[in-house]
Participant: 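Structure below; questions to follow.
Naming convention: chains lettered A, B, ... in sequence-line order (proteins, then strands); numbering from 1 in each chain.
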There are 4 protein chains.
Amino acid sequence: MPYRTTDRTRDKKDAKRTAMMQAAARVFAEKGYHAATVRDVVSAAEVAIGTFYFYFPDKETLFVYLYEETADFLLRAIEQGLRRGDDLPGRFAAALQSFVNIATYEPAVVQLLLVGGVGAVPALAESRGRFRNDLADLWQDVLDEALNRGDIPSQNTRLTAQGLAGAFDEIVLHLLSLPEPSLVAAAVIQEMTAFALRSAGYKQ
Amino acid sequence: MPYRTTDRTRDKKDAKRTAMMQAAARVFAEKGYHAATVRDVVSAAEVAIGTFYFYFPDKETLFVYLYEETADFLLRAIEQGLRRGDDLPGRFAAALQSFVNIATYEPAVVQLLLVGGVGAVPALAESRGRFRNDLADLWQDVLDEALNRGDIPSQNTRLTAQGLAGAFDEIVLHLLSLPEPSLVAAAVIQEMTAFALRSAGYKQ
Amino acid sequence: MPYRTTDRTRDKKDAKRTAMMQAAARVFAEKGYHAATVRDVVSAAEVAIGTFYFYFPDKETLFVYLYEETADFLLRAIEQGLRRGDDLPGRFAAALQSFVNIATYEPAVVQLLLVGGVGAVPALAESRGRFRNDLADLWQDVLDEALNRGDIPSQNTRLTAQGLAGAFDEIVLHLLSLPEPSLVAAAVIQEMTAFALRSAGYKQ
Amino acid sequence: MPYRTTDRTRDKKDAKRTAMMQAAARVFAEKGYHAATVRDVVSAAEVAIGTFYFYFPDKETLFVYLYEETADFLLRAIEQGLRRGDDLPGRFAAALQSFVNIATYEPAVVQLLLVGGVGAVPALAESRGRFRNDLADLWQDVLDEALNRGDIPSQNTRLTAQGLAGAFDEIVLHLLSLPEPSLVAAAVIQEMTAFALRSAGYKQ
DNA sequence: TATGAATGAGAATTCATTCAT
DNA sequence: TATGAATGAATTCTCATTCAT
């Protein structure tokens with residue numbers, strides 16, 4: 001998912017800012033935070049280097065923006081997926097479908113989000129924490145609902161949610177490492193769903 | 001008497017190499033790959049900068065060594081844990097105990113292993129792939145054994161293993177982010193075990 | 001008003017580039033390629049070190065540029081000298097006058113061109129080959145013309161031209177090693193001319 | 001001509017010193033003074049780095065030794081050639097034969113002597129001056145003798161000698177740049193001799 | 001707003017040299 | 001004599017950032 005204009009970028013007229021964010025997404029995904037230079041970003045966006053500093057205070061801040069917007073985008077997509085289903089299996093399947101769609105469409109950006117960046121940018125630790133938390137919230141909400149309905153046994157739904165978030169990342173990252181992810185995506189989604197249901201103790 | 005490479009000399013050399021590796025582990029864990037300079041490492045190890053380049057070809061190679069040794073160490077610890085138990089619950093519990101022990105003892109290094117470094121060092125992508133693979137192998141072996149015994153239902157044990165590996169990382173990283181991990185470690189291990197057993201579909 | 005690349009800006013840029021080249025010529029001539037540091041060059045040019053790398057890709061490339069421009073300058077001066085005379089003696093005398101003028105005016109740079117640099121900069125081997133070739137071409141052209149006019153006997157004019165090029169270098173370098181080159185320059189030019197005429201077998 | 005034991009190396013038992021000098025000749029010829037490291041030299045000589053500093057005060061001094069011994073060797077070979085002939089043509093031909101022999105046998109070392117090194121090692125300027133002087137002395141002696149015999153017209157034999165020294169260098173270096181120097185060596189020697197005789201004004 | 005020339009702190013790395021053994 | 005581990009000054013080059021235009 002290349003950078004997409006969210007509420008954070010109000011000014012829709014501002015094509016340059018958007019161009020730079022999109023360029024940054026590409027460049028950071030391709031080279032990693034440190035290897036990617038501000039010059040790479042502005043070259044890709046076809047603006048001058050001075051322009052960069054008119055729109056962003058510095059390279060690190062841009063990266064944090066990018067991380068957060070990418071995280072937001074993914075969270076929202078998963079959230080919408082969860083709403084699409086009506087029972088636990090349907091919700092898991094739809095949400096994982098969304099996740100995998102995005103991951104196969106923009107593998108580099110997703111990888112950056114899931115394993116890159118952290119460690120490179122200290123300021124990101126906090127953002128990452130928030131992202132993982134929000135992600136767990138998402139899964140926990142459906143689990144709690146299922147718990148209330150009596151579809152899953154009593155458990156620490158927070159921990160289950162965290163476990164699922166980690167499990168999905170691992171499986172999706174492995175999927176991306178295959179030569180043709182799209183060929184097996186459907187099967188993987190199905191098995192991930194089965195895994196998730198077992199993890200939650202879903203009966204029948 | 002001409003200079004001889006005595007045992008004493010060799011021992012001293014090994015000791016210095018080890019000291020530098022340990023110093024590097026500390027420094028990289030604290031600052032991340034890029035922010036940590038070779039000068040930081042040699043200061044921490046109390047040797048001259050030239051000494052660094054006598055032992056290691058460059059900063060990146062040292063980092064890869066460090067990553068691989070840390071990964072090996074963790075893998076071996078988990079493997080030993082798995083051998084300690086006799087049924088699936090016992091094995092999971094013992095292996096997770098080992099994992100959590102190491103993570104709480106050397107949180108920074110484990111964090112570096114699990115979320116740092118990748119992206120910063122291209123050469124690490126391969127090492128990381130191998131590590132995740134080996135880790136999945138470990139969990140898969142016990143799952144396959146349980147499957148053969150009829151303790152868990154038919155399933156794609158590879159995918160379950162990957163899911164567990166990712167789930168454990170996420171939960172342990174979250175544990176490390178708490179103010180006093182050791183206070184809840186025992187409870188978390190127990191719940192992770194329960195999660196793992198459910199994920200595998202373990203009956204009874 | 002957005003920034004525009006005006007003529008004034010461009011001129012200033014050219015001026016800075018030229019200043020750096022001249023500073024580099026001085027520094028390299030004084031210290032030799034390796035002993036001269038990029039810092040020496042930028043100090044002499046009174047710019048920051050980053051400015052150097054804005055104008056030139058690296059130290060070696062600058063040196064090659066410098067070598068080639070100096071070689072060009074010398075070649076052009078000799079060529080003009082050759083055109084000034086009308087017969088062989090007149091042409092030799094005028095060309096050698098030009099050569100010696102430049103050599104006494106910029107002794108260090110000429111020495112750098114004739115004996116420095118090669119060996120230090122592998123990339124220079126090719127440039128040097130081209131320079132010696134062009135130089136031989138110059139002398140050969142006049143020799144061939146004299147041969148056609150019947151002023152000199154049949155001979156391998158290429159080899160004669162190479163010999164003259166080498167001979168002039170040696171004599172001029174020796175001249176530069178004297179305490180007061182300018183005092184004997186006129187006499188040396190005359191004797192070099194006589195040497196050259198004999199070498200070509202010029203009659204009368 | 002790899003380094004050969006002269007009176008400068010009295011101690012013929014000292015195989016290590018000789019090995020290092022020969023290794024140095026090879027290494028410097030191949031890489032140039034600065035690119036060649038002391039480590040390269042000792043590796044090639046198969047001794048330890050400490051040993052180097054037992055035999056030579058430093059890298060620069062070794063290089064000067066090498067330059068001087070190589071120069072000596074070449075001078076002596078030319079001198080012997082000059083003695084082999086009995087008239088000017090015979091002497092020139094024999095001396096040039098010696099020069100070309102050495103040059104084709106050890107091209108890299110001769111190139112190092114003729115165009116390398118200077119500029120890299122300030123201390124070499126003096127050695128080079130002495131070498132060029134000695135070389136001119138050699139040619140001048142035969143010219144003076146010919147002058148006394150009345151074989152050549154009155155002239156500044158010093159300048160002629162310098163010119164010849166330079167001319168020969170240029171022609172030989174060009175010869176070495178050809179793909180198969182040995183195939184044309186004989187013809188080049190003959191033409192160089194003719195050139196030299198014309199330059200001296202030798203009659204008939 | 002937009003530009004890009006200019007800056008310089010700071011990083012990795014090299015390599016001649018020393019010296020305890 | 002001989003060794004090679006250890007040193008650290010010195011060098012090249014990068015790149016985020018500034019600012020006059």
Participant: If you count the non-hydrogen atoms of other residues, nucleotides and ligands that lie under 6.0 Å from OH in Y55(C), is the total more than 12?
Facilitator: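 Counting other residues, nucleotides and ligands, OH of Y55(C) exceeds 12 neighbours.
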Participant: In whole angstrom, what separates D14(B)'s CG from dG4(F)'s P?
Facilitator: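 Distance check: D14(B) CG to dG4(F) P gives 16 Å.
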Participant: Stepwise, does the side-chain hydrogen bond (donor to acceptor under 3.5 Å, both in side chains) test hold for S43(A) with D40(A)?
Facilitator: CA-CA 5 Å; S43(A) 299; D40(A) 290 334; 5.6 Å; no
Participant: Which dot-bracket string fits DNA chain E when only Watson-Crick or G-U wobble pairs with both atom distances under 3.5 Å count, crossing pairs get [ ], and | stands for a partner on a different strand?
Facilitator: .||||||||||||||||||||
Participant: Would you name the heavy atoms of A23(B) and V41(B) that are closest together and state the gap between them?
Facilitator: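 Looks like CB-O, 3.9 Å.
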Participant: Between dT21(F) and dT1(E), how many Å separate the two C1' atoms, rounded to a whole number?
Facilitator: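 Comparing C1' positions in dT21(F) and dT1(E) gives a spacing of 13 Å.
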Participant: Nearest 0.5 Å please: distance from the CZ atom of F52(A) over to the CG atom of D58(A).
Facilitator: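 It comes to 7.0 Å.
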Participant: Between atom CZ in F56(A) and atom P in dC15(F), what is the gap in whole Å?
Facilitator: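 To the nearest whole Å, that distance equals 20 Å.
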Participant: I'd like to check the ring-ring contact (aromatic ring centres under 6.0 Å, His included) partners of F28(C); sequence neighbours left out, ordered by chain and number.
Facilitator: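 Scan of F28(C) (ring-ring contact (aromatic ring centres under 6.0 Å, His included), adjacent residues dropped) gives Y33(C), F63(C).
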Participant: Looking only at non-hydrogen atoms, find the nearest pair between L114(A) and R132(A) and report the distance.
Facilitator: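 Looks like CD2-NH1, 3.9 Å.
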Participant: Taking all atoms of both residues into account, what is the closest heavy-atom pair of S127(C) and V64(C), and its distance?
Facilitator: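 Looking at all heavy atoms of both residues, the closest pair is OG-CG1, 3.8 Å.
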Participant: CD of E60(D) versus C1' of dT17(E): gap in Å, rounded?
Facilitator: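 After rounding, the gap between these two atoms is 14 Å.
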Participant: Tell me whether the side-chain N/O atoms of K16(C) come closer than 4.0 Å to OP1 or OP2 in dA6(E).
Facilitator: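 Yes, such a contact exists.
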Participant: In Å, rounded to the nearest 0.5 Å, how long is the span from CD of E69(B) to OG1 of T18(B)?
Facilitator: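 Going from the CD atom of E69(B) to the OG1 atom of T18(B) covers 8.5 Å.
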Participant: When the distance from CG of L62(C) to P of dC13(F) is rounded to whole Å, what number comes out?
Facilitator: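 Those two atoms, CG and P, are 11 Å apart.
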Participant: Return the value, rounded to whole Å, for the distance between atom NZ of K59(A) and atom P of dT18(F).
Facilitator: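 So the two atoms are 15 Å apart, to the nearest Å.
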Participant: So which heavy atom on F131(D) is nearest to which on L74(D), and how close?
Facilitator: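 Minimum heavy-atom separation between F131(D) and L74(D): CZ-CD2, 4.0 Å.
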Participant: Send over the distance from F52(C) CZ to dC15(F) C1', rounded to a whole Å.
Facilitator: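 About 17 Å, once rounded to whole Å.
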Participant: Let me know the distance between CG of D58(A) and P of dC15(F), rounded to the nearest Å.
Facilitator: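 Taking atom P of dC15(F) as the reference, CG of D58(A) is at 17 Å.
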Participant: Taking DNA chain E as the partner, which of residues 35-49 of chain C come within under 4.0 angstrom of it by heavy atom?
Facilitator: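 Per residue number, the list reads R39(C), V47(C), A48(C), I49(C).
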Participant: In this structure, how many angstroms lie between the P atom of dT17(E) and the CZ atom of F54(B), rounded?
Facilitator: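 My rounded result for the distance is 18 Å.
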Participant: Would you tell me if any nitrogen or oxygen in the side chain of Y53(B) comes within less than 4.0 Å of OP1 or OP2 on dT14(E)?
Facilitator: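 So the side chain of Y53(B) is outside the cut-off, no N or O lying under 4.0 Å from OP1 or OP2 of dT14(E).
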Participant: Tell me what Y55(D) touches on the nucleic acid: a base, only sugar-phosphate, or nothing, going by heavy atoms under 4.0 Å.
Facilitator: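 Sugar-phosphate, no base atom in range.
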